[in-house]
Amino acid sequence: MKSLEGKVAIVTGSARGIGFGIAKVLAEKGASVVISDVREDAAKEAAEELKASGANAVAIACDVSKLEDAEKLFQGTLDAFGKLDILVNNAGINKDMMAHKMTEDAWNAVINVNLTGVYHCIRAVLPYMRERNYGRIINISSAGWQGNIGQANYAAAKAGVIGLTKTIAKENAKKGITCNAICPGFIETTMTTSIPEKAWNIMVSKIPMGYVGKPEDVGKTIAFLASDEASYVTAEVWNVGGGMVL
């Protein structure tokens, strides 16, 4: 039996990149998957790709910065599959610039999606998970919460995700709900492969394992945390970066 057979998962920001890699692995492990993205057409294409491989998947558009969208995402999942077991908060954006030049719009946009968006989705599903005495919540953070030049908004949001993760874990531990965070390292996506070759080689040279990770590498860790095998793992932060912490 597959480790997630019979489970239902939402993955936000999963039309492409790391999010799609996560959704793909969860589906391979037997879960029914909701592909959610702010871009509805892209979400539908991603869901169709999973379905073509034999997976059970649907697409639901969602702007996680809006609580009402998060609530509609949860309700849409119940309408499609009758239940929800796993929430993966992956949706995120970046608007990089030095702090002394950062506009309020750039600050708010990143905080609203990368931090408040995580809260919105958790808030939408928690009453249901608490009533069922079961749930798996995995939040995508980033080692960028340690601070990174030009990313005051991003680092602040990702640090907030860590604090939120640990709090949700402690508040809901006795309700059979686990909450953990993942910090991906240098992962091969459309965004990273577009950087200049020299910069790429420098990044790879800093990875102890000597190669760039795939979105599926993140997905495999999440699949474990989402499974019953990880029922005693909560309030933890997992770095998935081949030994490198970005």
Partner set under side-chain contact (heavy atoms from CB on, under 4.5 Å) for Glu236, not counting sequence neighbours: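 Once residues adjacent in sequence are excluded, the partners of Glu236 under the side-chain contact (heavy atoms from CB on, under 4.5 Å) criterion are Asn180, Val233, Trp238.
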Under 4.5 Å between side-chain heavy atoms, hopping through other hydrophobics if needed: is there a path connecting [X] to [Y]?
X      : Y      : answer
Leu4   : Val34  : no
Ile140 : Phe20  : yes
Tyr119 : Val161 : yes
Leu87  : Val38  : no

How close do [X] and [Y] get, counting heavy atoms only, and between which atoms?
X      : Y      : value
Gly242 : Pro208 : O-CD, 3.4 Å
Ala15  : Ala46  : O-CB, 3.6 Å
Ile60  : Gly76  : CD1-C, 3.6 Å
Ala155 : Gly147 : CB-CA, 4.2 Å
Ser231 : Thr178 : O-CG2, 3.8 Å

Determine whether Ile93 and Val110 make a side-chain contact, defined as any pair of heavy atoms from C-beta on separated by less than 4.5 Å.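 Yes; the side chains approach each other to less than 4.5 Å.
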In Å and rounded to the nearest 0.5 Å, what is the [atom1] to [atom2] distance from [X] to [Y]?
X      : Y      : atom1 : atom2 : answer
Ile138 : Thr165 : CD1   : OG1   : 10.0 Å
Met97  : Asn153 : CE    : CG    : 7.5 Å
Leu115 : His120 : CG    : NE2   : 9.5 Å
Leu26  : Lys220 : CG    : NZ    : 12.5 Å

Taking the ring of Trp107 and the ring of Tyr154, is the distance between their centroids below 6.0 Å?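 Not under 6.0 Å, so no.
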So does [X] pair up with [Y], basic N to acidic O under 4.0 Å?
X      : Y     : answer
Arg132 : Asp85 : yes
Glu48  : Lys44 : no
Asp79  : Lys72 : no

Evaluate the salt bridge (charged side-chain N to carboxylate O under 4.0 Å, His left out) criterion for residues Arg39 and Asp63: first the C-alpha distance (whole Å), next the side-chain angles of each, then the deciding distance (0.1 Å), finally the verdict. CA-CA 9 Å; Arg39 298 159 300 140; Asp63 178 352; over 6 Å; no
Between Tyr134 and Asp228, do the side chains contain an N or O donor and an N or O acceptor separated by less than 3.5 Å?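 The criterion, which ignores hydrogens and geometry beyond distance, is satisfied for Asp228 and Tyr134.
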If we count only N and O atoms by modelled type, under 3.5 Å, do the side chains of Ser32 and Asn56 hold a donor and an acceptor together?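 Their side chains do contain a donor-acceptor pair, which is all the 3.5 Å distance test asks for.
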Please confirm whether the backbone N or O of Lys214 pairs with a side-chain atom of Asp217, one donor and one acceptor, at under 3.5 Å?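 Checked: pair present.
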